[in-house]
Colleague: 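Sharing a structure here in structure tokens format.
Whatever order the structure lists ligands and atoms in, that order sets their numbers, starting from 1. Fair warning: this is a prediction, and the values are worked out from it, not measured in the lab.
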Amino acid sequence: EIDYHPMWKDLGMDVEAHDGLLAAVGGMYQDVFLTQENRPKSTEYLDNVVMNIHSGRIKEMVDHKASDGQKVVGSFCLYVPEEIVRAANGIPVGLCSGADWATDKVEEHLPRNTCPLIKSFTGFKLGKVCPYIESSDLVVGENTCDGKKKAYEYFGTQKPMHIMDVPNVKNDGTMANWKAEIRRLAERVEQETGTKITAESLKEAIRVTNDKRRALQRLSATRAADPVPISGRDSLLTVQAAFMDDAERLTGAINAMADECEQRVRDGVGVAPKGTKRILYTGTPMAVPFWKLFSLIEKAGAVIVGEECCTGYRYYKDLVDESGKTVDEMLDAIAERYFNINCAIFTPNPGRIEDVMRLAKELHADGIIDCSLQFCTLYDMESFTLEKAAKEAGIPYMHISTDYSNEDAGQLSTRVEAFVEMI
Ligand code: BJ8
């Protein structure tokens, strides 16, 4: 057993508070994941990811920093292309934002009525309990929702930051701006890592990242089957892991999970009995360790068969075109791929509605659960459009607004149980 306390201390973390956080996350993991019956055996990989998430994985990154001079580049949003970080010899990671922490300190800098995800990353920084934030050499933020873009003004006083300007409408003009933003990021990352992006390194980074997404696509395709071979909880965790674990290790493990799930489908083996009510999740992202909603939906006797969100389908649905030969062509291909992400910051955002309705059909969903984190105006607003589209398509729909606390768990369970019974 390695003692990671000296490493956390060297990173400048509050080691004692962090021990408390790890114990709490361990308990949640036990309750949400390890109580599942009939999990595919290959999900052991996910247990390992979570076990090492703040320890072994961080040690690997810290060792790479020391031995090959790699730099860690953290981000909070799907619009930040990991291919670029990878091509410049950086390690891309998603930063902690899935639990309430140091709320009193946070509210000295941000309004109380702020989305929990934003309060969370600010609290993780102020409380010094996120080794990903502490080991990041650069944090890339983005002008997406109002809350995030304004919160980065404060976060930027705590960490070196680069901000990407993400457009809010999709047209030729904004695409041109976005392509320029992609180049500005590439330059900033090159500066930070001291490594120039070459056609060769970018091609390889695109391939490695596409392989990851291809593996996740394979796994998600197995979830159209009834009985469904893998739970929504475990599927959510595969994408959460994709933001943190080493890319090639993750790809290998997800392909192994896809192999096992494809076999299960052939054998008619499921994680829940045939005929279990099937839910399509859509809405705001779910960062580790925010597993509350998925857990209570599946504990209510339903199974989640897909997630139209940034910690789900949006992460793996599109690949970067691999035919580019020059750095310029490849940067354009990256820009085009990322412009297709259907976040509610875009107006209008018909692509998301189309994706939700198509996924509901393809995955044979009996109902849609659309969730927005509290105070997220964007997703709250879009819920009305979605509800209308679901009604027209004849698919039962429910909207939920929640936060990271457990205070509403009982009430939410009752609502979800009633919904599952009704569909
Ligand atoms: S691409 S969804 S990761 S912006 S929930 S902080 S929107 S108030 S997270 Fe997102 Fe990028 Fe879009 Fe995806 Fe604001 Fe809403 Fe909070 Fe949110």
Colleague: With C310, which residues qualify under side chain to side chain contact (heavy atoms under 4.5 Å, CB included), at least two apart?
Modeller: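 Side chain to side chain contact (heavy atoms under 4.5 Å, CB included) check on C310 returns L78, P285, R314.
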Colleague: With the side chain counted from C-beta on, respond yes when R183 and D332 share a heavy-atom pair under 4.5 Å apart, and no when they do not.
Modeller: yes
Colleague: What's within reach of atom 15 (Fe) of ligand 1, meaning protein N/O/S atoms under 2.8 Å?
Modeller: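 Protein N, O or S atoms closer than 2.8 Å to atom 15 (Fe) of ligand 1: C376 SG.
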Colleague: Could you identify the single nearest non-hydrogen protein atom to atom 1 (S) of ligand 1 and state the distance to 0.1 Å?
Modeller: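 Going atom by atom, the protein heavy atom closest to atom 1 (S) of ligand 1 ends up being Y79 CE1, 3.3 Å.
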Colleague: Is there a donor-acceptor contact under 3.5 Å linking the side chains of T144 and E142?
Modeller: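 Yes, E142 and T144 have a side-chain donor paired with an acceptor closer than 3.5 Å.
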Colleague: Testing the 3.5 Å rule here: is there a donor-acceptor pair between the side chains of S235 and T238?
Modeller: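 On atom types as modelled, these side chains do not qualify, holding no pair under 3.5 Å.
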Colleague: Please list, in number order, the atoms of ligand 1 under 4.0 Å from a heavy atom of L78.
Modeller: 3 (S), 11 (Fe)
Colleague: Salt-bridge test for R352 and D370: reply yes if a basic N is under 4.0 Å from a carboxylate O, no otherwise.
Modeller: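 The answer is yes: the pair qualifies as a salt bridge.
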Colleague: Heavy-atom contacts with I118 under 4.0 Å: which atoms of ligand 1 show up? List them by number with element.
Modeller: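 Close to I118: 6 (S).
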Colleague: Side chains of D234 and Q36: is there a donor and an acceptor less than 3.5 Å apart?
Modeller: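 Yes, a side-chain donor-acceptor pair sits under 3.5 Å.
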Colleague: Do you see a donor-acceptor pair shorter than 3.5 Å between the side chains of S401 and Q374?
Modeller: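 Judged by distance alone, the side chains do not pair up.
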Colleague: Would you mind checking which non-hydrogen protein atom is closest to atom 12 (Fe) of ligand 1, with the distance to 0.1 Å?
Modeller: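 The answer is C343 SG, 2.3 Å.
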Colleague: Check the angle between the aromatic planes of F124 and W101 and answer parallel, tilted or perpendicular using the 30° and 60° thresholds.
Modeller: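 The arrangement is parallel - the two ring planes meet at less than 30°.
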Colleague: CE/M175 to CD/E181 distance, rounded to the nearest 0.5 angstrom?
Modeller: 13.5 Å
Colleague: Of all the atoms in ligand 1, which lie at a distance below 4.0 Å from a heavy atom belonging to T144?
Modeller: 4 (S)
Colleague: What protein heavy atom sits nearest atom 9 (S) of ligand 1, and how far off is it?
Modeller: P285 CG, 3.5 Å
Colleague: Nearest protein heavy atom to atom 13 (Fe) of ligand 1, by residue and atom, and its distance?
Modeller: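 Checked against all protein heavy atoms, atom 13 (Fe) of ligand 1 sits closest to C310 SG, 2.3 Å.
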Colleague: For atom 3 (S) of ligand 1, tell me which residue out of S120, C77, C371, C309 has the closest non-hydrogen atom.
Modeller: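 Considering heavy atoms of S120, C77, C371, C309, the nearest to atom 3 (S) of ligand 1 sits in C77.
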